Novice: 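First, the structure itself, so that you have it in front of you.
Every value quoted in this text rests on a predicted model; they were computed, and no experiment measured them.
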Amino acid sequence: MDTQNILKLKKLTQARTLDCKNALEQSNGDLEKAIIWLRKQGQKIAAKKLDKITNQGTIFAKVNADNQFGVIFTLSCETDFVARNHLFQELSSNLLHIALENQCIDLKMFLKTEKDGVSVQKIIEEGVARLGENILITKYATLSGSLVSAYIHTGNRIGSLVSLSGQHDKGLQVAQEMAIQVVFSDPIAIDEDSIDASIVEREKLIIEENLAKEGKPAAIAEKIMQGKLSKFFQENTLLAQPFFKDDSKTVRQY
């Protein structure tokens with residue numbers, strides 16, 4: 001077997017040397033057929049690993065050049081060792097580029113999108129074959145608007161994507177600060193009106209049960225209820241939270 005062809009195939013696919021040797025043997029030395037053979041092997045490997053738990057991984061986010069479309073996703077794997085591997089990082093960078101270039105608005109569309117004739121799903125399966133672990137996109141979201149900004153906190157374990165409407169000379173700065181604010185304070189909604197009604201009802205029930213245990217009179221209990229709900233909204237909605245750069249202002253005031 002031609003060693004140069006093995007090395008060339010290894011460089012093209014980043015597969016293991018032994019796998020490249022086997023692929024060329026199965027393909028009678030034809031590089032194109034060998035690549036196809038490796039992809040088929042990758043599909044089999046991926047299928048075998050679907051039952052493996054993917055509780056490690058990294059969050060990736062990026063916006064396009066005009067700051068009007070952004071994507072954020074979690075690429076999950078089985079171990080932290082693989083999550084820190086340069087091949088895993090290269091895979092994520094490639095996926096980010098494809099998502100932005102094609103403005104894939106949801107995961108289903110993204111997985112079907114092709115680069116150089118190869119779908120994102122196949123690219124991920126090839127990553128599974130190279131890295132030897134199951135790899136999945138477990139969360140995927142996009143935003144578009146006048147100004148979009150992304151922020152990934154140190155360690156790549158938490159990130160955000162924010163879209164602002166309107167125009168302002170400091171708009172991009174504000175968008176970037178809001179992306180940091182979201183990571184810093186972890187709001188569950190933009191404002192009180194946008195909180196899911198079931199979450200508010202759950203919170204009311206918890207407060208009511210606690211007040212009942214304390215035996216507060218109805219009139220006082222109602223005032224305490226409103227006060228506690230108000231505090232809940234302040235702590236958990238973006239616009240009511242203290243601005244991380246100046247806590248004398250709420251985000252809304254800023």
Novice: Has the side chain of D247 got a donor or acceptor atom that lies under 3.5 Å from a matching backbone atom of F243?
Specialist: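 Here the side-chain-to-backbone pair does not exist.
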Novice: Determine yes or no for a side-chain-to-main-chain donor-acceptor pair under 3.5 angstrom, with N85 supplying the side chain and L87 the backbone.
Specialist: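 Side chain of N85 to backbone of L87, a donor-acceptor pair under 3.5 Å: yes, one is there.
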Novice: Look up atom CD in E203 and atom CD1 in I206, then write down how far apart they are to the nearest 0.5 Å.
Specialist: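 It is 5.0 Å, given to the nearest 0.5 Å.
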Novice: Is there a path of hydrophobic side-chain contacts, each under 4.5 Å between heavy atoms of I, L, V, M, F, W or Y residues, that connects L38 with I6?
Specialist: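 L38 and I6: one cluster.
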Novice: Considering residues at least two apart in sequence or located in another chain, which fulfil the side chain to side chain contact (heavy atoms under 4.5 Å, CB included) criterion with I190?
Specialist: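 For I190 the side chain to side chain contact (heavy atoms under 4.5 Å, CB included) partners, ignoring immediate neighbours, are S194, L239.
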Novice: Would one find more than 12 heavy atoms of other residues, nucleotides or ligands at under 6.0 Å from atom CZ of F244?
Specialist: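 Correct, the count exceeds 12.
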Novice: Could you tell me whether the side chain of S163 and the main chain of S144 form a donor-acceptor pair under 3.5 Å?
Specialist: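 Yes, because the side chain of S163 sits within donor-acceptor range (under 3.5 Å) of the backbone of S144.
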Novice: Looking only at non-hydrogen atoms, find the nearest pair between A150 and A179 and report the distance.
Specialist: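 Smallest interatomic distance, heavy atoms only, reads C-CB, 4.2 Å.
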Novice: Any heavy-atom pair between the side chains of V148 and F69 that's under 4.5 Å?
Specialist: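 Not in contact.
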Novice: CG of D186 to CD of E235: how many Å apart, nearest 0.5 Å?
Specialist: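 Atom-to-atom, D186:CG and E235:CD are 12.0 Å apart.
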Novice: More than 12 heavy atoms of other residues, nucleotides or ligands under 6.0 Å from NZ of K228: yes or no?
Specialist: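 Atom NZ in K228 is not crowded, with 12 or fewer foreign heavy atoms closer than 6.0 Å.
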Novice: Can you name the nearest heavy-atom pair linking T113 to C104, along with the distance?
Specialist: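 Here T113 and C104 meet closest at OG1-SG, 3.3 Å.
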Novice: With distance as the sole test, does Q253 use its side chain to make a donor-acceptor pair with the main-chain N or O of T250 at under 3.5 Å?
Specialist: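 Here the side-chain-to-backbone pair exists.
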Novice: Side chains of K115 and N94: is there a donor and an acceptor less than 3.5 Å apart?
Specialist: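 Looking only at side-chain atoms, N94 and K115 do form a donor-acceptor pair, the distance falling under 3.5 Å.
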Novice: Looking only at non-hydrogen atoms, find the nearest pair between Q68 and S146 and report the distance.
Specialist: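 Answer, listing the atom of Q68 first, then S146: CG-O, 3.7 Å.
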Novice: Report yes if the side chains of Y140 and T74 come closer than 4.5 Å at any heavy-atom pair, otherwise no.
Specialist: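 Result no, sub-4.5 Å side-chain heavy-atom pair not found.
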Novice: Can you tell me how far apart CD1 (I188) and CD1 (I199) are? Round to the nearest 0.5 Å.
Specialist: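 Taking CD1 in I188 and CD1 in I199, the distance rounds to 4.5 Å.
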Novice: Cut-off 3.5 Å, side chains only: do Q241 and S185 have a donor facing an acceptor?
Specialist: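 Per modelled atom types, Q241 and S185 side chains form a pair under 3.5 Å.
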Novice: List the residues meeting salt bridge (charged side-chain N to carboxylate O under 4.0 Å, His left out) with D80, not counting sequence neighbours, and say none if there are none.
Specialist: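 Residues passing salt bridge (charged side-chain N to carboxylate O under 4.0 Å, His left out) with D80: R84, R157.
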Novice: Treating Ile, Leu, Val, Met, Phe, Trp and Tyr as nodes and any side-chain heavy-atom pair under 4.5 angstrom as an edge, say whether V174 and V182 lie in one connected cluster.
Specialist: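 Yes; tracing contacts between hydrophobic side chains, which count when under 4.5 Å, links both residues.
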Novice: If I compare all heavy atoms of C20 with all of L9, which pair ends up nearest, and what's the gap?
Specialist: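 Shortest heavy-atom contact: O-CD2, 3.6 Å.
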Novice: Are L100 and V63 joined in one hydrophobic group, where the rule is that I, L, V, M, F, W and Y side chains link up if heavy atoms are under 4.5 Å apart?
Specialist: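 No; V63 is not reachable from L100 via cluster members.
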Novice: Ignoring hydrogens and angles, state whether a donor on the side chain of N64 or D66 is under 3.5 Å from an acceptor on the partner side chain.
Specialist: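 Yes, side-chain donor-acceptor contact under 3.5 Å.
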Novice: Do K112 and S119 touch side chain to side chain, with heavy atoms closer than 4.5 Å?
Specialist: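 Side chain of K112 against side chain of S119, heavy atoms only: no contact under 4.5 Å found.
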Novice: Quick one: does V128's side chain get under 4.5 Å of E133's, heavy atoms only?
Specialist: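 Counting from C-beta outward, V128 and E133 never come under 4.5 Å.
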Novice: With a 4.0 Å cut-off on N to O distance, would you call K122 and E126 a salt bridge?
Specialist: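 E126 and K122: not salt-bridged.
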Novice: Apply side chain to side chain contact (heavy atoms under 4.5 Å, CB included) to residues F60 and Q89 and explain how you reach the verdict.
Specialist: CA-CA 10 Å; F60 301 94; Q89 300 297 319; 3.6 Å; yes
Novice: Checking side-chain polar atoms at under 3.5 Å, does Q181 have a donor or acceptor matched by the opposite partner on Y151?
Specialist: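 On atom types as modelled, these side chains do not qualify, holding no pair under 3.5 Å.
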Novice: Are I72 and I98 connected into the same hydrophobic cluster when the rule is that any two of I, L, V, M, F, W, Y join if their side-chain heavy atoms are below 4.5 Å apart?
Specialist: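 No, no single cluster joins them.
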Novice: Could you walk me through whether E125 and Q121 pass the side chain to side chain contact (heavy atoms under 4.5 Å, CB included) check?
Specialist: CA-CA 6 Å; E125 288 171 358; Q121 181 64 56; 3.4 Å; yes
Novice: For the residue pair T58 and L75, establish whether any side-chain heavy-atom pair is separated by less than 4.5 Å.
Specialist: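 No; the side chains remain at least 4.5 Å from each other.
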Novice: A quick test of your reading: do over 12 heavy atoms of other residues, nucleotides or ligands sit less than 6.0 Å from CG of D116?
Specialist: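 Atom CG in D116 is not crowded, with 12 or fewer foreign heavy atoms closer than 6.0 Å.
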Novice: Less than 4.5 Å apart, any side-chain heavy atom of E177 and any of K245?
Specialist: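 Of all side-chain heavy-atom pairs linking K245 with E177, at least one is under 4.5 Å.
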Novice: Where the side chain of S160 meets the backbone of V183, is there a donor-acceptor pair that is under 3.5 Å apart?
Specialist: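 Absent.
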Novice: Does the pair I158 and I152 meet the rule for a side chain to side chain contact (heavy atoms under 4.5 Å, CB included), with working shown?
Specialist: CA-CA 6 Å; I158 184 170; I152 299 293; over 6 Å; no
Novice: For the side-chain contact (heavy atoms from CB on, under 4.5 Å) test, which of V120, T142, N102, I105 pairs with F110?
Specialist: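 Among V120, T142, N102, I105, the one that satisfies the side-chain contact (heavy atoms from CB on, under 4.5 Å) with F110 is V120.
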Novice: Just do the side chain to side chain contact (heavy atoms under 4.5 Å, CB included) check on F232 and E192 with the steps written out, would you?
Specialist: CA-CA 10 Å; F232 173 76; E192 181 178 333; over 6 Å; no
Novice: How many angstroms lie between atom CE of M178 and atom CG of L147, to the nearest 0.5 angstrom?
Specialist: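 The distance works out to 12.5 Å.
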Novice: When you compare the side chain of I135 with that of L91, does any pair of heavy atoms fall below 4.5 Å?
Specialist: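 Result yes, sub-4.5 Å side-chain heavy-atom pair found.
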Novice: Nearest 0.5 Å, what's the CD1-CG distance between I207 and N210?
Specialist: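 Reported value, rounded in 0.5 Å steps: 8.0 Å.
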Novice: In Å, rounded to the nearest 0.5 Å, how long is the span from CG of D191 to CG of N236?
Specialist: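 Answer for the CG-CG pair, D191 versus N236, is 13.0 Å.
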Novice: Partners of R252 by side chain to side chain donor-acceptor pair (under 3.5 Å), sequence neighbours excluded?
Specialist: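 Here no residue qualifies.
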Novice: For K213 and E209: C-alpha separation, side-chain torsions, deciding distance, then whether salt bridge (charged side-chain N to carboxylate O under 4.0 Å, His left out) applies.
Specialist: CA-CA 6 Å; K213 289 176 184 177; E209 287 178 10; 5.6 Å; no
Novice: When you group the ILVMFWY residues by side-chain heavy-atom contacts below 4.5 Å and let the links chain together, are L131 and I137 in the same group?
Specialist: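 Linked within one cluster.
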Novice: Between F73 and I59, is there a side-chain heavy-atom distance shorter than 4.5 Å?
Specialist: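 No. Closest side-chain heavy atoms not under 4.5 Å.
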